[in-house]
Amino acid sequence: MALVSIVLPAYNEKENIAIAAKTLTEVLDPLPEEYELLFISDGSRDGTYEEILRVAKDNPHVKGAEFSRNFGKEAAIFAGLELAAGDAVVVMDCDLQHPPSALPEMLEKWRDGAEVVEGIKNSRGRESLGYKLSAGLFYRIMSALIHMDMKASSDYKLLDRKAVAALLELPERRTFFRALSFWVGFRTERVTYDVQERVAGKSKWSMRSLIRYAVSNATSFSTAPLQAVSVMGWVFLLFAVVLGIQTLVRFCMGNAATGFTTVILLLLIIGGLLLVGLGIVGHYIARIYEEVKGRPRYIIRDVTDNLPEQVKGAWKKHDQI
Ligand code: UDP
Ligand code: MG
């Protein structure tokens, strides 16, 4: 019988574990596939992992792992993909903002031959104005940079084993799941859903972490900012040549005037551009540095008894797990 793995990253989601497990069990029990619910506690500090252990005692479908510290949602998703045994793997938030009611439709499409089923947001649910604006800006920039329409996409996806294997083959340490699942291709179908209210707790993203997420994803998926720097460089070089000729002509004509304003303006503009350019290059060098170190994406502190013991304390690359 086919096995479906549901991967649920959880960071300080103690109140949501039991209800997520219950809701998912109700949705998945009537379906023909076997299933496992794989909670990845991302270094939670509120006893999320203890809650997973507790729920796992009564519900044999529940499995769980805990990171040694907070490695971020991307790392949790990849840990889930690596630990999942399913023929299909679904990634969804454990705050139930990704409605489990969309699961039967996703699985239906998978049975009909889809290898990736993207969850597409009908509506974004209730968010503060600031969040909406910044998320909107982020998606606009990201979509332009990576040439994919990211606005309605989310981390709610079903991946066939083939797509999971392809994703796990990718060597990069810093990942952007949402875009990588487009990148690997495969026969893709879409299922739309309405973002639900969070069941309990607050969103785990702060303004700072969102900005960090945006910069990190942009630099890991696009080199356009680097190209923008060289375009700016060329424009200013052209400008400098024109200005240089004009200055020389004036000098030869004997009226090299006091153009102090121009000098100051040029200094400021070029200085600013240089610093911005250096900053962008710096971001990329930082990424190269991180990738070159080749550290694992995450370290697992503990797993539930129904998962392989050897993944614990991993200082392992994913292909050795
Ligand atoms: N999450 C995580 N690690 C983090 C932050 C979030 O695993 O560092 C999980 C979180 O537990 C939730 C999902 O990622 O299951 C989405 O997070 P959240 O609901 O806070 O984000 P939002 O829905 O507001 O975008
Ligand atoms: Mg949420």
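Small disclaimer: the values here were computed from a predicted structure and weren't measured. Residues take their numbers from the sequence shown, with the count starting at 1. First listed ligand is number 1; within each ligand, the first listed atom is number 1.
Only side-chain heavy atoms of Glu13 come within less than 4.0 Å of ligand 1; its backbone N, CA, C and O stay farther off. Contacts between Asp93 and ligand 1, counted as non-hydrogen atom pairs separated by less than 4.0 Å, involve both the backbone and the side chain. Residue contacts with ligand 1 for Ile40 are absent, since no atom lies close enough (heavy atoms, distance under 4.0 Å).
One hydrophobic cluster, built from ILVMFWY side chains closer than 4.5 Å, holds both Leu53 and Phe39. Residues Ile17 and Tyr11 do not share a hydrophobic cluster, defined by chaining ILVMFWY side chains whose heavy atoms lie under 4.5 Å apart. Linking Ile, Leu, Val, Met, Phe, Trp and Tyr residues whenever their side-chain heavy atoms come within less than 4.5 Å places Met92 and Leu31 in a single cluster.
Of the residues listed (Arg161, Lys109, Lys162, Arg187), the one engaging Glu115 in a side-chain hydrogen bond (donor to acceptor under 3.5 Å, both in side chains) is Lys162, and it is the only one.
The heavy atom nearest to atom 4 (C) of ligand 1, considering only Thr48, Asp42, Leu96, is found in Asp42.
For the pair Gly72 and ligand 1, the shortest N or O to N or O distance does not fall below 3.5 Å.
Residue contact check: Cys94 has heavy atoms under 4.0 Å from atoms 15 (O) of ligand 1. Each of the following atoms of ligand 1 lies closer than 4.0 Å to a heavy atom of Gln97: 19 (O), 22 (P), 23 (O).
The ring-ring contact (aromatic ring centres under 6.0 Å, His included) check on Phe78 picks up nothing, with sequence neighbours excluded. Partners of Tyr35 by ring-ring contact (aromatic ring centres under 6.0 Å, His included), not counting sequence neighbours, listed by chain and number: His61.
The distance cut-off of 2.8 Å around the Mg ion (ligand 2) captures these protein N, O or S atoms, sorted by chain and number: Asp95 OD2, Gln97 OE1.
Residues Asp46 and Ser44 have side chains that never bring a donor and an acceptor to within less than 3.5 angstrom of each other.
Relative orientation of the Phe67 and Tyr298 rings is parallel, given thresholds of 30° and 60° on the angle between their planes.
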Determine all donor-acceptor pairs shorter than 3.5 Å in which one atom belongs to a side chain in residues 273-287; sequence neighbours excluded.
{"residue": "Tyr284", "atom": "OH", "partner": "Ser222", "partner atom": "O", "Å": "2.2"}
{"residue": "Arg287", "atom": "NH1", "partner": "Ser216", "partner atom": "O", "Å": "2.6"}
{"residue": "Arg287", "atom": "NH1", "partner": "Thr219", "partner atom": "OG1", "Å": "2.9"}

